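What follows is a set of notes on a single structure, which appears directly below.
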Amino acid sequence: MRYISTRGGVTPVSFEEALLEGQAEDGGLFLPESYPNIGNRWNELKALSFPDLTFEVISPYAPDVEQATLRNLVRDAFATFDDAAVVPLVQIEDLHVLELFHGPTLAFKDVALQVLGRLFEHVLKHHGRVMNILGATSGDTGSAAIAGVQGRDGISIFIMYPDGRTSRLQELQMTTAVGKNVHCLAIDGSFDDCQRILKTIFSDVEFKRNAHLGAVNSINWARIMVQIAYYVYAALQYNEPVTFSVPTGNFGNILSAILAMRMGAPIRALILGTNENDILARFFASGEYQRGSVQHTLSPSMDIQVASNLERFIYLYLDGDTDRLSEFMHSFTDTGHAHLPCGGQVDSTIVAHRIGTDETVATIRHTWGRYGYLLDPHTAVGVAASAQTQAEGPVINLATAHPAKFPDAVDQATGLSLARHPRLAALDENAARKVKLPSDPHRVREHINARLLR
Ligand SMILES: *Cc1c(COP(=O)(O)O)cnc(C)c1O
């Protein structure tokens, strides 16, 4: 199995290369050359635990990783989850929820990042290499990335975040990580400043090479690959094809569902929920991809106006026509607008809804009142989107965060103080480690340079 770039400008690479490089050198994203069909293996796969099913789903995509090692690494990754099923499927009357928040930071990103950190460690060791991960976060991605690599050999991680602009819980989840290889950089500026610093440092090609810099953002193929497993796992628990409802920001999670369908999983359709940052809802209704300005909502991990993983969908939609894909992406980068000729709805299996703040709050309140089940605001966007959709067969809502990660919004919606989790309550201010730095790429680079793993 080799990996091509969506822009068609690089010679196909191996899985390990795609893993370590993250983004292709021509600016495109990596995709596998083919998608193995597992549609004739349902009975065998149905009987497996989630970790072993994950191994079966990802193993053809990672043939260059020793297979027994891969299996153990996946089992080890999911042993950090606090539910025996790893990703339990909860059914209360007609409400079906796939809980993806039982990992160390209580959000769905743990599913992929716990595997990714272990994959990095293994592959780096195999090649006698080290990696210094540099990232910027507005809150949630940073803690899941840190939890994935903390204490791992051959990896250091430097995460920048805007000082004083993340929630207290989000900051503590990052700064109380115990690994010596974790560096939290509280930048005196906004999230945009952090991203600007990141870009500046990465654009120095020589420094990037000498410092063995790497990234763990949502465009890494390995994250998409691991997420395919929970769609297969949940779909196999029903006797008829299912529909998934997915709260979406960067289009990473739902892309994995599309690939699960490609691999033959019994999935009828997908429901895509966005908050007020509705670029994807507009795109799927019309083919018009038009950038707006970012609005701050109750579901901050979906406050995004550029969905980086959409590039992979467009590539597949255009049947791998890299010229047309490049044209689309360049048009969007240059003008903030691009158009996919489709005459209305882009894909008959994907229906998208924009869910406003009032509706999100009402959905949390209603779901608590009717089912006694507490939703976080991201999950509520997906549940509200499925309520607006006439679907045939069961609809499975993806729960992407534990409600206790967003206690203000959830408590406000229910009027009660229910959104709590012992692990979050135990986060200790006194154990926090962070370094405050000015919003200056040179100063940040100096700081990192003195602490690099070599
Ligand atoms: C990241 C995140 C999302 C959005 O996932 P995408 O892959 O970017 O679509 C949704 N909910 C939560 C809680 C998240 O952390």
Side-chain angles (χ1 to χ4, degrees), residues 29 87 97-114 116 135-148 166-167 169-170 173-174 191 216-228 230-231 244-260 270-275 277-281 283-284 294 297-313 350 352-355 360 364 374-385 397-407 409-410 419 421 424:
L29 308 187
V87 287
V97 181
L98 183 65
E99 293 186 344
L100 303 175
F101 55 68
H102 289 276
T105 74
L106 309 179
F108 95 95
K109 292 184 176 74
D110 288 328
V111 179
L113 287 169
Q114 283 298 314
L116 195 71
T137 183
S138 56
D140 267 357
T141 315
S143 56
I146 288 171
T166 64
S167 79
L169 284 179
Q170 284 175 327
Q173 280 196 305
M174 294 191 276
F191 175 54
V216 278
N217 42 30
S218 72
I219 56 171
N220 197 302
W221 160 255
R223 288 179 65 173
I224 305 294
M225 166 186 92
V226 173
Q227 290 164 191
I228 296 171
Y230 51 72
Y231 288 102
F244 286 101
S245 181
V246 190
T248 308
N250 240 322
F251 206 72
N253 196 354
I254 196 166
L255 180 75
S256 299
I258 293 168
L259 300 183
L270 300 173
I271 301 167
L272 181 160
T274 73
N275 61 26
N277 298 285
D278 63 350
I279 179 168
L280 287 172
F283 170 73
F284 277 95
V294 175
T297 72
L298 296 179
S299 44
S301 299
M302 292 158 34
D303 291 345
I304 284 169
Q305 278 294 341
V306 180
S308 18
N309 270 299
L310 190 71
E311 175 161 348
R312 288 186 162 114
F313 171 82
I350 303 175
H353 294 289
R354 166 197 204 269
I355 306 299
T360 305
I364 296 173
L374 210 52
L375 304 172
D376 102 286
H378 302 78
T379 306
V381 166
V383 171
N397 297 283
L398 268 59
T400 54
H402 191 286
K405 289 201 87 167
F406 303 93
V410 178
H421 190 286
L424 295 178

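The analysis underlying the following values was restricted to heavy atoms, covering all of them including side chains, and did not include hydrogens, waters or symmetry mates. These numbers were taken from a predicted model, which means no experiment stands behind them. Read the numbers this way: they start at 1 and go in the same order the structure lists the ligands and their atoms.
Inclusion of H378 in the set of residues having an N or O under 3.5 Å from an N or O of ligand 1 is not warranted. For a threshold of 3.5 Å applied to N or O pairs, the pair formed by M302 and ligand 1 contains no separation below that value. Of the polar atoms of G252, at least one N or O is found under 3.5 Å from an N or O of ligand 1, judged by distance alone. By the 3.5 Å distance cut-off applied to N or O atoms, N250 is counted among the residues near ligand 1. Of the polar atoms of N253, at least one N or O is found under 3.5 Å from an N or O of ligand 1, judged by distance alone.
With ligand atoms numbered from 1 in the order given, ligand 1 contributes 9 (O) to contacts under 4.0 Å with heavy atoms of T248. Within ligand 1, counting atoms from 1 as listed, the ones closer than 4.0 Å to a heavy atom of A401 are 13 (C).
Remark: N217 pairs with A215, I219 by the side-chain contact (heavy atoms from CB on, under 4.5 Å) rule, at least two apart or across chains. A search for ring-ring contact (aromatic ring centres under 6.0 Å, His included) contacts involving F108 returns nothing, not counting sequence neighbours.
In this structure, the ring of F284 has its center less than 6.0 angstrom from the ring center of F313.
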Checklist entry - Going through the checks in order, is the side chain to side chain contact (heavy atoms under 4.5 Å, CB included) test met by L116 and V226? => result CA-CA 9 Å; L116 195 71; V226 173; over 6 Å; no
Checklist entry - Where do D140 and Q170 land on the side chain to side chain contact (heavy atoms under 4.5 Å, CB included) test, with the steps shown first? => result CA-CA 6 Å; D140 267 357; Q170 284 175 327; 3.2 Å; yes
Next on the checklist: Go through it in stages, so that I can follow the logic: the residues are K405 and T105, the test is side chain to side chain contact (heavy atoms under 4.5 Å, CB included), and I'd like the CA-CA distance, side-chain angles, deciding distance and then a yes or no.
Outcome noted: CA-CA 9 Å; K405 289 201 87 167; T105 74; 4.1 Å; yes
Next on the checklist: One pair to check against side chain to side chain contact (heavy atoms under 4.5 Å, CB included): S218 and N309. What are the steps and the verdict?
Outcome noted: CA-CA 8 Å; S218 72; N309 270 299; 3.7 Å; yes
Next on the checklist: Pair Y230, F244 - check ring pair (Phe, Tyr, Trp, His ring centres under 6.0 Å), show working.
Outcome noted: CA-CA 11 Å; Y230 51 72; F244 286 101; 8.5 Å; no
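Using a 4.0 Å cut-off between heavy atoms, K109 contacts ligand 1 through its side chain alone, with no backbone atom that close. Residue contacts with ligand 1, taken as heavy atom pairs separated by less than 4.0 Å, involve F251 solely via the backbone atoms N, CA, C and O.
Closest protein heavy atom to atom 12 (C) of ligand 1: T400 OG1, 3.4 Å. In terms of protein heavy-atom proximity, atom 4 (C) of ligand 1 is nearest to G249 N, 3.7 Å.
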